[in-house]
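Since the structure comes first, as structure tokens, the remarks are kept for the end.
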Amino acid sequence: IIPGSYTKSLQKITENSFVYLDPPYPALNGTAFFTHYTVDRFSEDDQCDLADFVHKLDKSGTLFMMSNAATPLITDLFEKYRIDSLNVPRWVSCKGKKLRVDELVIRNY
């Protein structure tokens with residue numbers, strides 16, 4: 001297991017590696033910004049860069065799985081892979097109640 005930025009993990013990926021990615025999700029609405037987990041944030045451009053990285057993994061034959069938000073951007077970036085939608089609970093809410101949102105599991109196997 002290699003925690004940290006996916007950009008630093010590429011050199012450690014070998015022929016038999018399996019890569020799981022859990023990036024900061026793009027906002028589902030105007031107030032839910034899960035891009036703020038890091039000082040530098042995780043922008044739409046970062047999501048595009050991540051997609052380029054995933055395409056390189058796929059071309060090299062590396063198996064990957066990624067979780068991400070169910071947004072049009074994410075669906076478009078990863079449309080060539082298997083995408084499963086999961087309806088999951090979210091407890092993070094200023095309204096004090098559990099919310100249900102769709103998340104995607106994206107994989108090349």
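Under the side chain to side chain donor-acceptor pair (under 3.5 Å) criterion, S5 pairs with T7, not counting sequence neighbours. Every residue two or more places apart in sequence or in another chain that forms a side chain to side chain donor-acceptor pair (under 3.5 Å) with N87 is listed here: R100, D102.
Heavy-atom minimum distance, S43 versus D46: N-OD2, 2.8 Å. Of all the heavy atoms in Q47 and P24, the pair that sits closest is NE2-O, 2.9 Å.
For the pair Y6 and D49, the minimum side-chain heavy-atom distance is below 4.5 Å. Looking at heavy atoms from C-beta onward, I83 lies out of side-chain contact with R107 at the 4.5 angstrom threshold. Annotation: side chain of S67 is not in contact with side chain of L104 (no heavy-atom distance under 4.5 Å).
How far CG of D76 is from SG of C48: 10.0 Å, rounded to the nearest 0.5 Å. One finds the CD atom of E44 at 8.5 Å from the CD1 atom of I74 (value rounded to the nearest 0.5 Å).
Partner of M66 under the side chain to side chain contact (heavy atoms under 4.5 Å, CB included) criterion, chosen from V105, V19, L50, D22: L50.
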For residues 52-65, which side-chain N or O atoms pair as donor and acceptor with protein atoms under 3.5 Å away, sequence neighbours left out?
unit_1, atom_1, unit_2, atom_2, d
H55, ND1, Y81, OH, 2.7
H55, NE2, A51, O, 3.4
D58, OD1, N108, ND2, 2.9
S60, OG, L57, O, 2.8
S60, OG, T62, OG1, 2.9

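Without hydrogens or angle criteria, T75 side chain to P72 main chain gives no donor-acceptor distance under 3.5 Å.
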